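Working notes for the structure below.
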Amino acid sequence: MSEQKLPSRTEDFSEWYNQLVLRAELADYAPVRGCMIVRPYGWSLWENIQGALDRRFKATGHVNAAFPLFIPKSFLEREKAHVEGFAPELAVVTIGGGETLEEPLIVRPTSETIIGHAYAKWIKSYRDLPVLINLWNSVVRWELRTKLFLRTLEFYWQEGHCAHATHEESLEETMRMLEIYRDFAENDAAVPVIAGRKSQSEKFAGALNSYSIEAMMGDRKALQAGTSHDLGDHFARAFDIRYLDRNNEQQFCWTNSWGLSTRFIGAIIMVHGDEQGLVLPPKLAPHQIVIVPIYKNDGERSEVMPVVEKVRATLGDAGFRLKVDDRDMTPGAKYYDWEMRGVPLRIEIGPKDVAKGTVALARRDKPGKEGKSFVSQESLTGAVAETLQDIHASLFDRALAHREANTHDPKNYDEFKQVVENGFAFSWWCGRAECEAEIKEETKATNRCVPLNQPGGEGQCIHCGQTTKEKAIFGKAY
RNA sequence: CGGGGUGUAGCGCAGUUGGUAGCGCACCGCGUUUGGGACGCGGGGGUCGGCGGUUCGAGUCCGCCCACCCCGACCA
């Protein structure tokens, strides 16, 4: 139970985040540096994220499977850019059963290579395509600087791996999954995102092109919240994933991969959280509603609890995820506790409500009296459904307004430097890696993506002045 | 991997010139309480981050190591 106030979100965002994660009981530090324990409340949130994504994956023809944790070192080495990108952050097993291994095993940082090995065996004919497989697992990347959910040595995610007959189909799949991420982020998590293409220096190691959804956090920094990679024929060539086409000719496959991780929980925290703690989007919250019974003595208790039970049954039958908090604490303490944990809606039922046939409804996104209303027990189910929808909409609107208010179109590079100190710059960019690198060097801001939605026309690169047709989002990022 | 900081009960901290460890919160029990963080009484809990050294005696002094957090370079 949390007793003290959180550090100020506006004055010390980082410390606010750290303590919020611990006090909301989402996660805890593990005994190994950089590793995290996901606590039941955090995992429950992840399960709801999994459910929301998995439904979408299944609806688009994907199936789940499991691949090994260990990958032969030689596999990684088969794709040059891939191994170069991941080498610095690999965990390597050299001893097994007390014996030094003949070939060291990599603890998977991602599964493209071992997938490539399997797909090469499984795919013989154009009739075998496409292969649409998703994995729910964890991967290990030996990061130097870690933060709960945002960057840990081991993290949980899903990785989809698809093989297609043509590049067009593979690219179409890449974009379909990016759109699924966007749809999930905005419609389930109420996190507005910018879908775009990563620059060549920011793309996945081994990809032809990477695409991402980028979100703005409460401190105006960017977070890559999901990625989808067009792997071209790179991994197909490295692992010899080939098929016989209709003309009986050998062709290389075209593959793609896409992932979204527990980092997304960090996004939810940093986009919606407030001074009181976590604020969860209703569609993903482990408990959408918490019911707090109020009574002064056993007499009142015996009046209140049957009504609490009736409301619980009614709302439970209507499909809401809810919890009755019957702990032996004062109601006020419970309010603070559930506010810390971000429960979207609180229902208070006391003797006055029993007498009047009402309940008190308090919404998490609007603090104090502003968010509190009294609703008759008869019309509660409808009111709850409506309010939860409204909370989702207002969370999304608030986050979008925040991003728009902090996204600028600077007139020149001096202005650009100012802007990226405290938000996003949406600027013309020549597309050259040198320009991007210099901007990063000079401002600490990175190229987040080239949004798919472009204004059209042309302009001058914000850094070098070269004429270009594309605008990119720049900002400081996690 | 560089710079900074912190390690004493679950958390936050105190601990004097070295003398054998305490406070608040949390936790457990009983009672009174309960519409925005209740109160009283009683109780449990510590190899003082680790190893070594100085000393009759180390939480305290010295050395080495470790862990975690923050800031930079790399990343979902």
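Numbers restart at 1 for each chain; the letters A, B, ... are given by sequence-line order, proteins then strands. Note that the structure is a prediction, hence the values are computed from the model and not measured. No hydrogens, no waters, no symmetry mates; every other heavy atom, side chains included, goes into these values.
As judged by a 4.0 angstrom heavy-atom cut-off over every strand, A:L223 is placed among residues making no nucleic acid contact. A:E348 comes within 4.0 angstrom of a nucleotide base, judged by non-hydrogen atoms across all strands. A:A360 comes within contact range of at least one nucleobase, with a heavy-atom separation under 4.0 Å. Using a 4.0 Å heavy-atom distance criterion, A:G259 is classed as making no nucleic acid contact. As judged by a 4.0 angstrom heavy-atom cut-off over every strand, A:N18 is placed among residues touching the sugar-phosphate backbone only. Within the nucleic acid shown, A:E154 has no heavy atom closer than 4.0 Å to any nucleic acid atom. Using a 4.0 Å heavy-atom distance criterion, A:T152 is classed as a base contact.
Atom pair A:L22:CG and B:C11:C1' shows a separation of 11 Å (rounding to whole Å applied). Atom CZ of A:R151 and atom C1' of B:C69 are 15 Å apart (whole Å). Rounded to an integer number of Å, the gap from A:M36 CE to B:C69 P is 13 Å. A straight line from CZ of A:R23 to P of B:C25 spans 16 Å, rounded to a whole angstrom. Note: CG (A:D328) to P (B:G29) measures 10 Å, nearest angstrom. One can place CG of A:D28 at 11 Å from P of B:C69, the figure rounded to the nearest angstrom. The nearest whole Å value for the distance from the CG atom in A:D325 to the P atom in B:G36 is 15 Å.
Residue A:E15 is the one, among A:E15 and A:F155, whose nearest nucleotide of RNA chain B lies closer to the 5' end (criterion: closest heavy atom). Residue whose closest nucleotide on RNA chain B sits further toward the 5' end, between A:H229 and A:R346: A:R346.
For the C1' atoms, the distance linking B:G3 with B:G45 amounts to 38 Å, nearest Å. B:C11 sits 15 Å from B:G46 when the C1' atoms are compared, rounded to a whole Å. Between the P atoms of B:C61 and B:U17, the separation comes to 10 Å (whole Å). The gap from the P atom of B:A58 to that of B:G49 amounts to 15 Å, rounded to the nearest Å.
With sequence neighbours left out, A:K444 forms a side-chain hydrogen bond (donor to acceptor under 3.5 Å, both in side chains) with no residue at all. Remark: A:W258 pairs with A:N256 by the side-chain hydrogen bond (donor to acceptor under 3.5 Å, both in side chains) rule, at least two apart or across chains. Checked against ring pair (Phe, Tyr, Trp, His ring centres under 6.0 Å), A:Y181 has no partners two or more places apart in sequence or in another chain.
For A:T330, a side-chain nitrogen or oxygen approaches OP1 or OP2 of B:A38 to under 4.0 Å. One finds a side-chain N or O of A:K147 lying less than 4.0 angstrom from the OP1 or OP2 phosphate oxygen of B:C70. One finds no side-chain N or O of A:K334 lying less than 4.0 angstrom from the OP1 or OP2 phosphate oxygen of B:G35. Within the 4.0 Å cut-off from OP1 or OP2 of B:G35, not a single side-chain nitrogen or oxygen of A:K369 is found.
The partner of B:C1 is B:G72, judged by Watson-Crick or G-U wobble contacts that both fall below 3.5 Å. Pairing of B:U17, defined by two Watson-Crick or G-U wobble distances under 3.5 Å, is not identified with any nucleotide. The nucleotide B:C27 finds its pairing partner in B:G43, both defining distances of the Watson-Crick or G-U wobble pair being shorter than 3.5 Å. Across all strands shown, B:C66 is found opposite B:G7 as a Watson-Crick or G-U wobble partner, with both distances under 3.5 Å.
Legend: salt bridge (charged side-chain N to carboxylate O under 4.0 Å, His left out) pairs involving residues 273-297 of chain A, not counting sequence neighbours, sorted by first then second residue: A:D274-A:R364. Listed by first and then second residue, the salt bridge (charged side-chain N to carboxylate O under 4.0 Å, His left out) pairs involving residues 80-90 of chain A are A:K80-A:E84 (not counting sequence neighbours). For residues 178-190 of chain A, the set of pairs meeting the salt bridge (charged side-chain N to carboxylate O under 4.0 Å, His left out) definition, not counting sequence neighbours, comprises A:R56-A:D183, A:R56-A:D188, A:E179-A:R182, A:R182-A:E186.
A salt bridge does not link A:E421 to A:K417: none of the charged side-chain nitrogens sits closer than 4.0 Å to a carboxylate oxygen. Between A:E370 and A:R363 there is no salt bridge, since no side-chain N of the basic residue sits under 4.0 Å from a carboxylate O of the acidic one.
Side chains of A:Y478 and A:Q224: a donor-acceptor N/O pair is absent below 3.5 angstrom, by distance only. Counting only N and O atoms by type, the side chains of A:T446 and A:R448 include a donor and acceptor under 3.5 Å apart. Side-chain atoms of A:D230 and A:W254 include no donor-acceptor pair closer than 3.5 Å.
Shown for residues 288-305 of chain A: residues whose heavy atoms fall under 4.0 angstrom of RNA chain B, namely A:I294, A:Y295, A:K296. Residues from residues 187-218 of chain A with heavy atoms under 4.0 angstrom of RNA chain B: there are none.
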Acceptor/donor pairs from residues 306-316 of chain A side chains to any protein atom, 3.5 angstrom cut, sequence neighbours excluded:
residue: A:E309; atom: OE1; partner: A:R312; partner atom: NE; Å: 3.2
residue: A:E309; atom: OE2; partner: A:R312; partner atom: NE; Å: 3.4
residue: A:E309; atom: OE2; partner: A:R312; partner atom: NH2; Å: 2.8
residue: A:K310; atom: NZ; partner: A:Q377; partner atom: OE1; Å: 3.4
residue: A:T314; atom: OG1; partner: A:K310; partner atom: O; Å: 2.8

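For B:G37, the base has no donor-acceptor partner in the side chain of A:D337 [N/O atoms by modelled type, under 3.5 angstrom].
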